[in-house]
Amino acid sequence: MRFVSTRGEAPVLGFEDVLLTGLARDGGLYVPETWPKLSPGEITAMAGQPYAAVAAAIMQKFIEDEVPGDELTAITAVAYATFSHRAVAPLVQLGPSDWILELFHGPTLSFKDLAMQVLGRLMERTLARRGKRATIIGATSGDTGSAAIEAFRGRDAIDIFILHPHGRTSDVQRKQMTTVHDANVHNIAIGGTFDDCQAIVKALFNDHALRDRLSLAGVNSINWARIMAQVVYYFTAAVALGAPARKASFCVPTGNFGDVFAGSVAKAMGLPVEQLVVATNQNDILYRALQSGAYEPHAVIPTTSPSMDIQVSSNFERALYEAAGRRPERVRELMSGMATGGGVRLSNSEMAALGAVFSAERAGEADVTATIRTTAADTGYVLDPHTAVAVVAAGRVKRPHRQIPMITLATAHPAKFPDAVGAAIGSRPELPEVVKQRLSAEERYSVLANDVRAVADFVCARTRAGGPRP
Ligand SMILES: *Cc1c(COP(=O)(O)O)cnc(C)c1O
C-alpha cells in the first residue's frame with residue numbers, strides 16, 4: 001500500500017516510511033492511495049475472534065508485506081496483552097439500543113493506549129531492521145503523553161521526551177508520566193502553558209537540520225499508524241452486535257478528529273455504519289462546520305473534558321481531502337485560508353460529502369454534569385466527562401432507525417477525572433489498584449524554562465540518536 005499527502009507535494013511513501021515520518025514534508029497528512037475493502041465474509045469471520053487477531057487482519061490490509069503476517073500477529077498479541085480486560089474493548093449496555101464501548105482498559109486508562117501500544121512496537125521493529133535510532137518529542141496536556149511514555153519505555157532504538165506545562169496538569173495525569181523511570185524516558189516540565197509546550201515542539205520540528213540529525217518522530221494522531229489501529233474497535237464492536245448483517249451507529253467524543261476519522265475509514269473499508277456522530281464540548285468548531293459549512297476557529301474554552309479542548313482539529317484535513325474529491329490543490333487552498341486565521345467556507349458538494357458520513361452534536365458543561373449524574377443514578381454506570389459529552393450527543397441526535405444500535409465510545413476511565421466526576425455524583429471514583437500502586441512511586445522530571453534553545457540543548461545532550469553536534 002502506498003500513501004499520499006493530503007497536500008500532494010510530498011513524496012509518495014510506503015507504510016514503514018509513513019510510520020517514521022508523521023507529518024508530511026509539505027505540511028499535509030498521509031492517507032492510503034486507495035481504501036482496502038473487506039468482504040462481508042471477511043467481516044463475518046471476525047466474530048468470536050480475539051481482539052489482537054482482528055487487529056492484525058485489519059492492519060495487514062494497510063501494511064501488506066512490509067511486516068509479514070506472523071510478525072504482525074505477534075506484535076498485536078503482545079500489545080493487547082497489556083490490557084486488563086480479556087475482550088480488550090468490551091461493550092456495556094446502557095439502554096434498549098444504547099451501548100458503551102469501553103476503550104480504557106489499557107495501561108494508562110485512555111483509548112490512546114489502543115493505538116500507542118501497537119505504534120511503539122511497530123516503530124521499534126522498523127528502526128531495529130534499519131539499524132537506526134529515533135527521538136520522539138511531544139507536548140501533552142493529558143492523555144497522549146502518558147500513553148506514549150508507556151508504549152515507548154525501555155525501547156532500545158528510541159528516546160522519548162515529553163513536555164508538559166509545569167504545575168498545570170492533573171495529579172493523576174502527571175504521575176502517569178513522571179513515575180516511569182526507564183533511562184530512555186525524559187519528562188520535561190516547562191515554565192509555561194500547554195500552548196507554549198506545543199510551540200516549542202513545533203519549533204524543533206521546523207528546524208529541519210535538527211529534525212534530520214536527531215531523527216525526530218512524532219506520535220500525535222497525525223501519524224497514520226494511530227488511525228489505522230483505531231479502525232479495529234469499530235469492527236469488533238459492530239460485529240459483536242451482529243454486523244455485517246446488522247448495521248451499527250457510533251457516537252465519538254472528538255478533539256483532534258483522529259478517533260472519529262478512524263470510524264469513517266471502517267465504513268470506507270466495508271463496515272455497515274449507519275450514523276457516525278461527532279460529539280464536541282463547548283469547543284465546537286467541528287459542530288459549527290458540519291452544520292453551516294463555516295470552518296472558523298474561536299478561542300479555546302477550558303472544560304471538564306480537557307482532551308477535547310481543541311479548536312483546529314488536525315485530522316479534519318483527512319476528511320476534507322475525501323470530501324473535496326481527493327484534490328490536494330483544494331486542500332491547500334482551504335488550509336492556507338485557515339492559516340491566515342479567518343476561517344474558510346466549505347462548498348455545497350463538500351458539505352454533502354461530509355454529511356453523508358458524519359453528523360454532529362455539542363454538549364455544554366451543565367449537560368455533561370447532569371448526564372454523569374443521571375446515568376449513574378439510572379444504571380449505576382459512571383461515565384468520564386469525555387464519554388459523557390458523547391452520551392449527551394447520542395441522546396440528542398435524530399435516530400430514524402431505533403433497531404440500529406448506537407455505540408458510544410468511552411475514551412477514558414472515570415478515575416482519571418476525579419474532580420469532575422466527583423462533583424457530579426458526590427464521590428470520587430477509585431483508580432484500579434495496580435494503577436494506584438504504580439503512581440505511588442517517586443516522581444522524576446526536569447524543569448526547564450519556556451525556551452526552545454534550552455529544550456534543544458537538553459534533548460541533544462541526552463538522545464542516543466544522531467551524530468555528534470556540529
Ligand atoms: C484524545 C482524547 C479524545 C479526543 O480524541 P481525538 O482522536 O483527538 O478526536 C477524547 N477523549 C479522551 C479521553 C482523549 O484522551
Side-chain angles (χ1 to χ4, degrees), residues 29 89 100-116 119 138-151 164 169-170 172-173 176-177 194 198 218-231 233-234 250-266 276-287 289-290 300 303-319 358 360 362-363 368 372 382-393 408-418 420-421 429:
L29 280 69
I100 294 281
L101 177 59
E102 292 187 339
L103 301 176
F104 52 71
H105 294 284
T108 71
L109 310 180
S110 88
F111 87 97
K112 295 196 167 67
D113 290 323
L114 281 136
M116 215 67 93
L119 186 72
T140 193
S141 59
D143 299 328
T144 305
S146 57
I149 286 172
E150 201 56 52
H164 70 265
T169 53
S170 82
V172 174
Q173 289 181 321
Q176 283 185 313
M177 300 190 282
F194 170 63
Q198 234 176 358
V219 290
N220 57 14
S221 60
I222 57 154
N223 193 310
W224 168 257
R226 277 187 60 185
I227 306 290
M228 171 186 79
Q230 291 171 194
V231 172
Y233 44 76
Y234 289 91
F250 292 91
C251 186
V252 187
T254 297
N256 242 330
F257 209 81
D259 204 1
V260 74
F261 185 75
S264 72
V265 173
L276 201 50
V277 185
V278 177
T280 75
N281 65 21
Q282 288 172 78
N283 297 290
D284 61 352
I285 180 172
L286 293 168
Y287 171 79
L290 291 167
V300 175
T303 72
T304 52
S305 43
S307 296
M308 298 159 69
D309 291 346
I310 289 172
Q311 274 295 336
V312 178
S313 305
S314 36
N315 276 292
F316 195 51
E317 179 166 340
R318 288 187 161 115
F358 302 103
R362 123 190 102 179
V368 169
I372 295 174
V382 180
L383 302 165
D384 105 282
H386 303 77
T387 309
V389 166
V391 170
V392 172
T408 296
L409 274 53
T411 48
H413 191 290
K416 281 195 101 165
F417 303 94
V421 176

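Note that ligands are numbered from 1 as they come in the structure, with each ligand's atoms numbered from 1 the same way. Counting begins at 1 with the first residue of the sequence.
- Near Phe111, the atoms of ligand 1 lying under 4.0 angstrom from a non-hydrogen atom of the residue are 1 (C), 2 (C), 3 (C), 5 (O), 7 (O), 14 (C).
- Heavy-atom contacts of Gly258 reach the following atoms of ligand 1: 6 (P), 7 (O), 9 (O) (cutoff under 4.0 Å).
- Each of the atoms 9 (O) of ligand 1 lies under 4.0 Å from some heavy atom of Thr254.
- When all heavy atoms of Met116 and Ala148 are compared, the pair lying nearest together is CG-CA, 3.6 Å.
- Taking every non-hydrogen atom of Ala412 and a distance limit under 4.0 Å, the qualifying atoms of ligand 1 come out as 13 (C).
- Only the side chain of Lys112 comes within contact range of ligand 1, with a heavy atom under 4.0 Å; no backbone atom does.
- When every heavy atom of Leu409 is checked against every heavy atom of Thr387, the shortest pair comes out as O-CG2, 3.9 Å.
- Aromatic ring centres of Phe257 and Phe358 lie closer together than 6.0 Å.
- No heavy atom of Phe104 sits closer than 4.0 Å to any atom of ligand 1.
- For ligand 1, the atoms lying closer than 4.0 Å to a non-hydrogen atom of Asp143 are 12 (C), 13 (C), 14 (C), 15 (O).
- A donor-acceptor contact under 3.5 angstrom links the side chains of Asp309 and Asn283, judged on distance only.
- Of all atoms in ligand 1, listed by their number and element, those nearer than 4.0 Å to a heavy atom of Phe257 are 6 (P), 8 (O), 9 (O).
- Atom 6 (P) of ligand 1 has as its closest protein heavy atom Asn256 N, 3.5 Å.
- Between Met308 and ligand 1, no pair of N/O atoms sits closer than 3.5 Å.
- Closest to atom 12 (C) of ligand 1 among all protein heavy atoms lies Thr411 OG1, 3.4 Å.
- When all heavy atoms are compared, the tightest approach of Lys416 to Asp143 is NZ-OD1, 2.8 Å.
- Nearest heavy-atom pair, Leu119 versus Val219, reported as atom, atom and distance to 0.1 Å: CD2-CG1, 3.9 Å.
- Here the shortest heavy-atom pairing between Met177 and Ile149 reads CB-CD1, 3.7 Å.
- When non-hydrogen atoms are compared, ligand 1 lies under 4.0 Å from the backbone of Asp259 as well as from its side chain.
- Side chains of Arg318 and Asn315: a donor-acceptor N/O pair is present below 3.5 angstrom, by distance only.
- The two residues Ala279 and Cys251 make their nearest non-hydrogen contact at CB-SG, 4.2 Å.
- Inclusion of Ser110 in the set of residues having an N or O under 3.5 Å from an N or O of ligand 1 is not warranted.
- If you check which protein heavy atom lies closest to atom 4 (C) of ligand 1, you get Gly255 N, 3.5 Å.
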